[in-house]
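Input: a single structure, listed below in C-alpha cells.
In this text, all values refer to a predicted model and were calculated from it rather than measured experimentally.
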Amino acid sequence: MKLAVGSDERTHLTDAVVALLKEMGHEVILFGPLTDADAYWPAVARQVAEAVASGEADEGILFCWTGTGVSLAANKVPGIRAALCDDAETARGARLWNKANVLCLSIRRTSEVMAKEIVESWFTHSYQPNEVDDTCMAQVAALEADYLQTDPATTAVTG
C-alpha cells in the first residue's frame with residue numbers, strides 16, 4: 001500500500017513508525033520535516049490529506065504534538081476521514097465503523113510500543129459494509145456535500 005506520512009516535527013516516534021511501515025512492506029511518501037522541509041501542522045496535514053484524496057496515496061498517517069491539529073486540518077479536505085487514535089481499539093473502531101483513511105497520532109502521548117499496536121490494528125482492520133455504518137457514512141458524505149456547495153470565498157466564518 002502507498003502511504004502519505006507527515007509530521008510537523010521529526011522525532012524518534014516518527015522515525016520508528018516510518019521504519020515499521022517500511023518493514024510491513026508499505027511504500028511511504030514523506031511530507032514536512034520528515035523530508036527536512038519546514039512546515040507547520042496545517043500545511044503538512046493538507047499535503048497528506050490531498051495525497052490521499054487525489055489517489056496519489058492509498059491512506060495517510062499524520063503526527064503533531066497532540067494529534068488534534070492534524071486531525072482537524074486533514075478533515076477539511078473532502079473525502080478525508082482522519083481519526084485521532086491513542087490506542088489499538090480506537091484504531092480498530094475507526095477502521096471498522098468510520099471508514100477512516102488517515103491515522104493521526106500524538107507525538108506527546110504515543111509511545112513507540114503503543115504506536116506499533118495502533119498501526120498494526122489500523123492495517124489489520126478495514127471497513128466492513130453493513131446497513132447501520134453504510135447509512136452513517138452516507139450521512140457524513142451528505143454533510144460534507146452540503147458544505148461543498150457553499151462558496152468559501154463569499155462565506156465568512158466567525159467564532
Would you confirm whether [X], through its side chain, and [Y], through its main-chain N or O, come within 3.5 Å as a donor-acceptor pair?
X	Y	value
N130	Q128	yes
T90	C85	no
S54	A51	yes
H26	K22	no
S106	W65	yes
N75	A82	yes

Once rounded to the nearest 0.5 Å, what's the spacing between atom [atom1] of [X] and atom [atom2] of [Y]?
X	Y	atom1	atom2	answer
H12	I107	NE2	CD1	12.5 Å
Q47	L30	CD	CG	11.5 Å
I61	L20	CD1	CG	8.5 Å
E112	T14	CD	OG1	10.5 Å
T135	E131	OG1	CD	5.5 Å
F123	E59	CZ	CD	5.5 Å

Legend entry - Verdict with supporting geometry, K2 and I29, side-chain contact (heavy atoms from CB on, under 4.5 Å): CA-CA 7 Å; K2 188 182 279 190; I29 308 166; 3.5 Å; yes
Would you say that [X] contacts [Y] through its side chain, given a criterion of any heavy-atom pair below 4.5 Å between the two side chains?
X	Y	value
L62	L105	no
D8	Y40	no
V17	V5	no

Legend entry - Set of salt bridge (charged side-chain N to carboxylate O under 4.0 Å, His left out) partners for E120, sequence neighbours left out: K116
Inset, instruction - Could you tell me which residues satisfy salt bridge (charged side-chain N to carboxylate O under 4.0 Å, His left out) with R46, sequence neighbours excluded, listed by chain and number? - result: E50
Inset, instruction - Report the residues that fulfil side-chain hydrogen bond (donor to acceptor under 3.5 Å, both in side chains) with D86, sequence neighbours left out, ordered by chain and then residue number. - result: R109
Legend entry - Contacts of type side-chain contact (heavy atoms from CB on, under 4.5 Å), residue S111, not counting sequence neighbours: V113, M114
Inset, instruction - Only counting residues at least two apart or in another chain, list the ones meeting side-chain contact (heavy atoms from CB on, under 4.5 Å) with A100. - result: A83, A94, W122
Inset, instruction - Report the hydrophobic cluster partners of Y127, with the cluster defined as I, L, V, M, F, W, Y residues connected by side-chain heavy atoms closer than 4.5 angstrom, directly or transitively. - result: M137, V140
Show the nearest heavy-atom pair for residues [X] and [Y], with the distance to one decimal.
X	Y	value
V44	P33	CG2-CD, 4.2 Å
P42	A73	CA-CB, 4.1 Å
I80	A49	CD1-O, 3.4 Å

Inset, instruction - Determine, for E144 against R81, whether the closest basic-nitrogen to carboxylate-oxygen distance falls under 4.0 angstrom. - result: no
